[in-house]
Engineer: 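Questions regarding the structure given below will be posed in turn.
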Amino acid sequence: MPELPEVETIKLGLAPHIIGQTIQSTLIRESRLRWPVDPELNLKIAGQKINSLKRRGKYLIADLQAGHLIIHLGMSGSLRIIMIALEQPRKHDHLDIRLDNGKIIRFHDPRRFGAILYTTEPIEKHPLLVRLGIEPFDQQFNDRTLYSITKNRKAPIKQILMNSQLIAGIGNIYANEALFQAGIHPGTIASNLNMIHCKKLVASIHDILLRAINLGGSTLRDFVSSEGKQGYFQQEHEVYDQLGKPCSRCKTPIVMKRQNGRSSFFCPKCQKN
DNA sequence: ACGCCCTCCTGTTGGC
DNA sequence: TGCCAACAGGAGGGCG
C-alpha cells in the first residue's frame, strides 16, 4: 500500500496526535520485522519528546530529542492512533508506542517487510536514507534532472521511476499511472527519452502524486479509528489493476506485462515506445 | 556503475 | 467446497 502519497497522508494524519508529545513506553510484541526491532528500544526512547515528523521517500522519520525513529511500512504496514485500553491488539499488531497524552501509535504489518529503527546518528547519514534519490517534490526535480538520470540508462523507464536510489517514493502504482498520463510505454528504454518526454513525465509525476495526496487527505478524519484505510485514489486508477478495461482515452483494453517481476499496466495504443 | 534476480513474510485470489 | 500455485503496493544485497 504505502508509496509516497500514502506515507505523506499518514504523516499528516499522525502529526497532530504525536508532535510535542513525550514517549511514555514502548511495547514490542513481535520483533521480527525486516530488521529485528532493537530489544532496548524502550530503554532508548522512553522519556523522549517527539519534536517533528518528516517523510523521506517512503520512510517516516520521527525526530526525537536525542535521535530519530525511522519507520518503513514495507508492503503491508500501517499505523494507527488508538486510545489506551480501548482496543485489544489484533493479529500482526507488532509494536505500540505509548504517549503521554494517552494515545498509542500502533504498528500493524502482516508481511513484516516493514521496519522500525532508532538511530542517534545524523539522520541524513543513515545507511537506509543516504542513498535515496531525489524527492519528486524537490525544486531540483525537473525535466533536466530527469533527463540526466535517464540519458545513459538502458533499463526500461518504469524501473528507473521505481528505483528509490534514483527517485524516492514512487512505487508500482504511481509509476504505472504517471507513465499512462505522460503517454509513455513502461518498457521504453530510459535513454531513448528526450527532453520533451522528461518534461511531460515530471509534470505527470507531480500531478499524480499531488492528486493522490489530496484524495488520501480526505480520509484523514478516519485516521484515529480506522485500520489503514485505502484512501480514495484507487478509484482514480487509469491503468493499475485495470487489465482488460477500456482505456479512458481511446477505449483500447488495458494490457498487463511482467517487467522485472512486477506487473506493468498500460494502454497499448496511447503509450508509445 | 549498472541491471537483473533473489529474498524476507502472510494473506488473498483464481483455476482446477 | 477444497486445494494449491501465483501473486501482492518494497527494497536491500549479491551476482555477473
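Here is how names work: the chains are called A, B, and so on, in the same order as the sequence lines, proteins then strands, and each is numbered from 1.
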Engineer: Can you give one letter per nucleotide of nucleotides 2-9 of chain B, 5' to 3': B if a protein heavy atom sits under 4.0 Å from the base, S if only from the sugar-phosphate, - if neither?
Structural biologist: SSSS--BB

Engineer: Nearest whole Å is fine: how far is C:dC7 C1' from A:Asp241 CG?
Structural biologist: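 Value for this atom pair: 11 Å.
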
Engineer: Look at A:Gln165 and B:dA1 and indicate whether a side-chain polar atom (N or O) is within less than 4.0 Å of OP1 or OP2.
Structural biologist: no

Engineer: Test side-chain hydrogen bond (donor to acceptor under 3.5 Å, both in side chains) on A:Lys158 and A:Ser264 and set out the steps.
Structural biologist: CA-CA 8 Å; A:Lys158 172 152 176 284; A:Ser264 290; 3.0 Å; yes

Engineer: Tell me the interatomic distance from A:Leu243, atom CG, to B:dT13, atom C1', rounded to whole angstroms.
Structural biologist: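 Whole-Å distance recorded here is 14 Å.
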
Engineer: In chain order, what residues pass the ring-ring contact (aromatic ring centres under 6.0 Å, His included) check against A:Phe265, with sequence neighbours excluded?
Structural biologist: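 By the ring-ring contact (aromatic ring centres under 6.0 Å, His included) rule, A:Phe265 matches A:Tyr240.
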
Engineer: Is there any protein nitrogen or oxygen under 3.5 Å from a nitrogen or oxygen in nucleotides 14-16 of chain C, and what are the pairs?
Structural biologist:
none

Engineer: Please list all pairs meeting ring-ring contact (aromatic ring centres under 6.0 Å, His included) that have one or both residues in residues 182-205 of chain A, counting only residues at least two apart or in different chains.
Structural biologist: A:His185-A:Phe266

Engineer: Might you work through the side-chain contact (heavy atoms from CB on, under 4.5 Å) test for A:His94 and A:Leu33, ending with a clear yes or no?
Structural biologist: CA-CA 9 Å; A:His94 303 313; A:Leu33 305 184; 3.7 Å; yes

Engineer: Look at atom CZ of A:Arg249 and say whether more than 12 heavy atoms of other residues, nucleotides or ligands are closer to it than 6.0 Å.
Structural biologist: yes

Engineer: Sequence neighbours excluded, which residues qualify as salt bridge (charged side-chain N to carboxylate O under 4.0 Å, His left out) partners of A:Arg258?
Structural biologist: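 Testing A:Arg258 for salt bridge (charged side-chain N to carboxylate O under 4.0 Å, His left out), a comparison that skips the adjacent residues, returns none.
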
Engineer: What integer distance in Å separates A:Ile173:CD1 from C:dA8:P?
Structural biologist: 11 Å

Engineer: Whole angstroms only, please: what is the CD-C1' distance between A:Gln259 and C:dG9?
Structural biologist: 16 Å

Engineer: Could you tell me the separation between the CZ atom of A:Arg262 and the C1' atom of C:dG9, rounded to a whole number of Å?
Structural biologist: 7 Å

Engineer: If I take atom OH in residue A:Tyr59 and atom C1' in nucleotide C:dG12, what distance separates them, rounded to the nearest angstrom?
Structural biologist: 8 Å

Engineer: Can you check nucleotides 14-16 of chain B for protein contacts, nitrogen or oxygen pairs under 3.5 Å, and list what you find?
Structural biologist:
none

Engineer: Counting Watson-Crick and G-U wobble pairs with both distances under 3.5 Å, what is the dot-bracket string for DNA chain B, 5' to 3', using [ ] for crossing pairs and | for pairs to another strand?
Structural biologist: .|||||||.|||||||

Engineer: Which Ile, Leu, Val, Met, Phe, Trp or Tyr residues join A:Ile70 in one cluster when any pair of side-chain heavy atoms under 4.5 Å counts as a link?
Structural biologist: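 A:Ile70 clusters with A:Trp35, A:Tyr59, A:Ile61, A:Leu117, A:Ile123, A:Leu128, A:Leu129, A:Leu132.
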
Engineer: Other residues, nucleotides and ligands only: do more than 12 of their heavy atoms fall within 6.0 Å of NZ on A:Lys11?
Structural biologist: yes

Engineer: Stepwise, does the side-chain contact (heavy atoms from CB on, under 4.5 Å) test hold for A:Ile104 with A:Ile81?
Structural biologist: CA-CA 6 Å; A:Ile104 292 172; A:Ile81 292 287; over 6 Å; no

Engineer: Is there any side-chain hydrogen bond (donor to acceptor under 3.5 Å, both in side chains) pair reaching into residues 113-134 of chain A, and which pairs are they, with sequence neighbours excluded?
Structural biologist: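 Listed once each, the pairs are A:Gln48-A:Tyr118.
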
Engineer: Take atom CE of A:Met75 and atom C1' of C:dA11, then tell me their distance rounded to the nearest Å.
Structural biologist: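 My rounded result for the distance is 9 Å.
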
Engineer: For A:Asp241, which residues count as a salt bridge (charged side-chain N to carboxylate O under 4.0 Å, His left out) partner, sequence neighbours excluded?
Structural biologist: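 With neighbours one apart ignored, the set is empty.
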
Engineer: Looking only at side-chain N and O atoms, does A:Ser76 come under 4.0 Å of OP1 or OP2 in C:dG9?
Structural biologist: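 For C:dG9, OP1/OP2 do not have a side-chain N/O of A:Ser76 under 4.0 Å.
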
Engineer: With sequence neighbours excluded, what pairs up with A:Lys103 under the salt bridge (charged side-chain N to carboxylate O under 4.0 Å, His left out) test?
Structural biologist: none

Engineer: Which of these passes side-chain contact (heavy atoms from CB on, under 4.5 Å) with A:Pro136: A:Val202, A:Ile205, A:Leu146?
Structural biologist: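 The option that passes is A:Ile205.
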
Engineer: Spell out, as yes or no, whether a donor-acceptor pair under 3.5 Å connects the side chain of A:Asp96 to the backbone of A:Arg106.
Structural biologist: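 Side chain of A:Asp96 to backbone of A:Arg106, a donor-acceptor pair under 3.5 Å: no, none is there.
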
Engineer: I need the OH-P distance between A:Tyr174 and C:dG10, as an integer number of Å.
Structural biologist: 10 Å

Engineer: Examine B:dT10: is either OP1 or OP2 under 4.0 Å from a nitrogen or oxygen in the side chain of A:His92? Give yes or no.
Structural biologist: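 Negative; the distance criterion is not met.
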
Engineer: When you compare the side chain of A:Leu69 with that of A:Ile97, does any pair of heavy atoms fall below 4.5 Å?
Structural biologist: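 The answer is yes; the side chains approach within 4.5 Å.
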
Engineer: Would you call A:Lys58-A:Glu3 a salt bridge at under 4.0 Å N-O?
Structural biologist: no

Engineer: Just to be sure I understand the geometry, which residues of residues 175-184 of chain A put a non-hydrogen atom under 4.0 Å away from DNA chain B?
Structural biologist: none

Engineer: With rounding to the closest Å, how many angstrom separate the P atoms on C:dC7 and B:dC5?
Structural biologist: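 It works out to 15 Å between them.
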
Engineer: Below 30° counts as parallel, above 60° as perpendicular, anything between as tilted: where do the rings of A:His108 and A:His92 land?
Structural biologist: perpendicular

Engineer: Determine the Euclidean distance between corresponding P atoms of C:dG9 and B:dG14; express it in Å to zero decimal places.
Structural biologist: 15 Å

